[in-house]
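Working notes for the structure below.
Values below: every heavy atom of this structure, side chains too, minus hydrogens, waters and symmetry copies. Below, chain A is the first sequence line, B the second, and so on; all start at residue 1.
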Number of protein chains: 2
Amino acid sequence: MTPEESTSAPAVIVGLNAVILAVTDEHPRVLTVSFPTGSPIEGGGRIEGAGGSAVRDGLPTGPLDPAGDRTLELALRRWVRAYAGIELGYVEQLYTFGDRFRDPRERSGGPRVISVAYLALVRESTIAGHLKARWRGVYEYLPWEDWREGVPGVLEGAIAPVLRQWLRGDREEAEDRRERAGVTFGLDGAPWNGERVLERYELLFETGLVAEASRDAGNATLRRAIGREMAFDHRRILATALGRLRGKIRYRPVVFELVPETFTLLQLQRTVEALAGVRLHKQNFRRLVDAGGLVEGTGLIEPRTGGRPAELFRFRREVLRERQAPGVGLPGAFRKGVDSSYTQS
Amino acid sequence: MTPEESTSAPAVIVGLNAVILAVTDEHPRVLTVSFPTGSPIEGGGRIEGAGGSAVRDGLPTGPLDPAGDRTLELALRRWVRAYAGIELGYVEQLYTFGDRFRDPRERSGGPRVISVAYLALVRESTIAGHLKARWRGVYEYLPWEDWREGVPGVLEGAIAPVLRQWLRGDREEAEDRRERAGVTFGLDGAPWNGERVLERYELLFETGLVAEASRDAGNATLRRAIGREMAFDHRRILATALGRLRGKIRYRPVVFELVPETFTLLQLQRTVEALAGVRLHKQNFRRLVDAGGLVEGTGLIEPRTGGRPAELFRFRREVLRERQAPGVGLPGAFRKGVDSSYTQS
DNA sequence: CTCAGTTATACTCATTATGAGTATAACGGG
DNA sequence: CCCGTTATACTCATAATGAGTATAACTGAG
């Protein structure tokens with residue numbers, strides 16, 4: 001009854017998934033590879049990339065060498081270095097995905113596949129197309145998460161109507177569904193919480209609004225395929241990563257993993273906005289990071305701003321010792337939560 | 001190079017670990033089982049408990065049934081129900097531990113053991129000794145984490161001196177070490193951050209201040225065994241759990257998983273204090289949860305308080321829809337961090 | 001019955017953080 | 001030299017936090 005006993009265990013395979021993120025041109029990007037969609041063998045996608053005709057995007061996936069790799073994280077760094085030529089900096093374990101049939105070949109007798117997913121952040125400059133791996137916009141996959149230009153069209157147009165119908169669909173669970181829709185999507189005047197990315201994706205999955213839902217036999221029929229599809233459960237993993245990063249940015253100085261050594265404050269702000277998916281108040285952002293001790297001026301000037309030249313700043317490491325939770329404080333730190341009125345029905 | 005390919009994989013075993021926490025008598029408790037320490041086969045501890053002579057505490061550990069269990073979490077719930085008779089309520093995945101040799105039998109050819117650890121919270125009332133499982137105080141294992149009665153003696157007495165020596169031990173890394181000691185233990189006037197439980201445990205491990213350090217061949221000699229030892233890397237898992245819970249309590253109403261349906265505000269406060277390891281300001285705590293909409297009065301009175309009778313409150317679910325991050329806000333929410341002057345050398 | 005000890009609960013006040021502006025500076029391009 | 005654009009310095013109202021003061025309502029000792 002313990003792993004220490006069951007030496008003659010059934011087939012389980014442990015894999016590693018990497019969500020490698022960068023921000024370029026004010027867009028968050030994720031490193032993807034292509035997986036052939038040939039059935040019944042669905043997967044196969046190696047990091048070297050596409051094979052046959054129909055392909056599907058997916059996350060780089062690698063093995064654990066049980067005999068060689070000292071730790072899971074080192075295993076990840078090893079094969080990302082070997083196959084994508086990227087030396088990862090910031091790496092953090094995300095979540096372990098182990099649902100049955102997450103690899104469709106399990107249905108036809110394949111082994112159970114457990115995947116330990118990691119989040120890695122790389123700098124703009126590291127972005128160099130390599131082999132068959134390709135950078136893609138995170139919001140291509142999760143378009144309802146980008147509020148920088150206002151309420152995402154797909155939210156009002158496609159998601160909200162279906163959710164409202166779903167609310168009324170079940171008499172008994174009506175209250176639970178109302179609460180869930182409110183909390184995750186801010187329906188009915190509840191606040192939109194940028195961090196609940198995973199919960200939103202899962203609700204869309206359940207209500208048949210993402211293509212992945214139709215691949216799962218038992219699930220409701222597909223109403224609409226919102227956002228770009230991914231192989232396996234990789235979009236779920238991506239959603240987990242974005243949600244985690246949005247949360248972390250508030251209380252840990254992780255943004256600095258994504259910008260160059262020195263940067264203007266607007267560059268930094270745009271990077272945060274890209275991840276958070278919302279626009280920030282410029283003067284307050286400056287006050288937060290400058291007076292808050294997160295950055296320090298270098299005295300150097302970046303002249304090509306399109307307007308008045310800006311000072312270049314750098315991350316101030318000492319803040320780690322000075323403050324408990326140094327982060328950039330997204331809107332909503334006020335307890336009362338903003339009113340997202342897009343759904344006031 | 002992907003899990004999808006390596007069907008003929010080497011031996012990897014996936015286990016599940018449960019950190020089951022409750023708070024009784026104002027002390028956080030963890031459910032433990034006994035593992036025999038017989039070498040060279042170190043482990044073996046089943047949930048039914050102790051075997052031979054020398055035993056070591058550990059966390060309940062169970063298997064994943066690759067063919068039967070639909071999800072990892074359901075697998076966990078299943079065997080905790082089956083072997084400990086506890087029906088888990090709140091469950092959350094913690095972290096996946098996969099370092100080589102975390103099961104010492106790997107050194108003698110045993111399979112690589114990957115453990116997915118979960119955090120579960122149960123109510124006071126659920127605590128009923130069952131089989132050989134036993135509740136133990138969390139701070140027996142991590143005594144430096146409890147600041148409710150002031151600075152823990154072991155910090156000033158045993159830890160700080162060794163850390164100061166460690167600081168000076170290496171010329172080249174001096175600055176890194178200073179930063180690390182400051183951030184994790186609040187040395188030299190840096191603030192103490194209650195959430196960095198894991199980082200503290202790992203620093204103690206590296207400096208040879210916990211018994212587990214001496215079990216690892218390559219590590220420094222044991223200077224002192226602070227806190228109660230655990231089997232395998234279970235104390236590291238426990239530290240992960242406490243740190244995660246302390247963080248979560250700030251922005252999610254998880255405390256309510258640990259108290260009865262109705263409770264007095266002091267009961268609630270003591271529960272939070274037990275987890276956070278610090279004392280809170282009573283009037284402000286009341287304001288936070290009451291005016292903050294986290295709780296609502298029931299009108300009922302609890303007469304046996306030892307003083308004036310208190311009103312019984314209940315969790316107010318609606319807060320989930322109203323606020324973005326409903327939590328109890330531990331001290332240090334102020335950005336400037338408190339000054340922990342215990343180490344002003 | 002009174003008083004000390006204990007817990008509950010209502011308020012006050014200073015400080016800090018946040019959200020939203022106003023005002024001015026400094027560049028490039030017509 | 002005027003305009004659009006970005007940078008940067010301040011102001012102001014409101015909310016959240018930290019630390020008290022002041023009462024209220026019980027128990028038990030004497």
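Looking at heavy-atom distances under 4.0 Å, B/Leu266 makes contact with sugar-phosphate atoms alone, never a base.
B/Leu203 approaches B/Thr184 most closely through the heavy-atom pair CD2-OG1, 3.4 Å.
For A/Arg287, whose side chain is taken as the heavy atoms from C-beta onward, the closest listed nucleotide among C/dA26, D/dA7, C/dG19 is C/dG19. Checking C/dT9, D/dA19, C/dA20 against every side-chain atom of B/Arg286, the shortest atom distance belongs to C/dT9. Residue A/Asn284 places its side chain closer to C/dA20 than to any other of C/dT7, D/dC26, C/dA20.
The shortest distance between the side-chain N/O atoms of B/Lys282 and the OP1/OP2 oxygens of C/dT9 is not below 4.0 Å. Phosphate contact (OP1/OP2 of D/dT5, side-chain N/O of A/Arg308, threshold under 4.0 Å): absent.
With A/Trp192 as the aromatic partner, A/Arg200 meets the cation-pi criteria of under 6.0 angstrom to the ring centre and within 45 degrees of the ring axis.
When rounded to the nearest whole Å, the span between CZ of A/Arg304 and P of C/dG28 equals 12 Å. Remark: P of C/dC11 and CZ of B/Phe285 are 20 Å apart, rounded to the nearest angstrom. Straight-line distance from the CD atom of A/Gln324 to the C1' atom of C/dA17: 16 Å, rounded to whole Å. With rounding to whole Å, A/His281 atom NE2 is found 16 Å from D/dC10 atom P. Computed from coordinates, the A/Arg279 CZ to C/dG19 C1' distance equals 18 Å when rounded to whole Å. Atom CD of B/Gln283 is separated from atom C1' of C/dT12 by 12 Å (rounded to the nearest Å). Rounded to an integer number of Å, the gap from CD of A/Gln269 to P of D/dT5 is 17 Å. The nearest whole Å value for the distance from the CG atom in B/Leu265 to the P atom in D/dA24 is 20 Å.
Remark: the A/Glu302 side chain and the D/dT6 base include no donor-acceptor N/O pair separated by less than 3.5 Å.
Nearest-nucleotide positions on DNA chain D for A/Glu311 and B/Gly307 put A/Glu311 closer to the 5' end. Each of B/Pro309 and A/Asp290 was assigned the nucleotide of DNA chain D with the nearest heavy atom; the assignment lying further toward the 5' end belongs to A/Asp290.
Salt bridge status for A/Arg246 with A/Glu195: absent, with no side-chain N to carboxylate O gap under 4.0 Å. Between B/Glu26 and B/Arg148, no side-chain nitrogen of the basic residue sits less than 4.0 Å from a carboxylate oxygen of the acidic one, so the salt-bridge criterion is not met.
With ring centers used as reference points, A/Phe263 lies 6.0 Å or more from A/Phe315.
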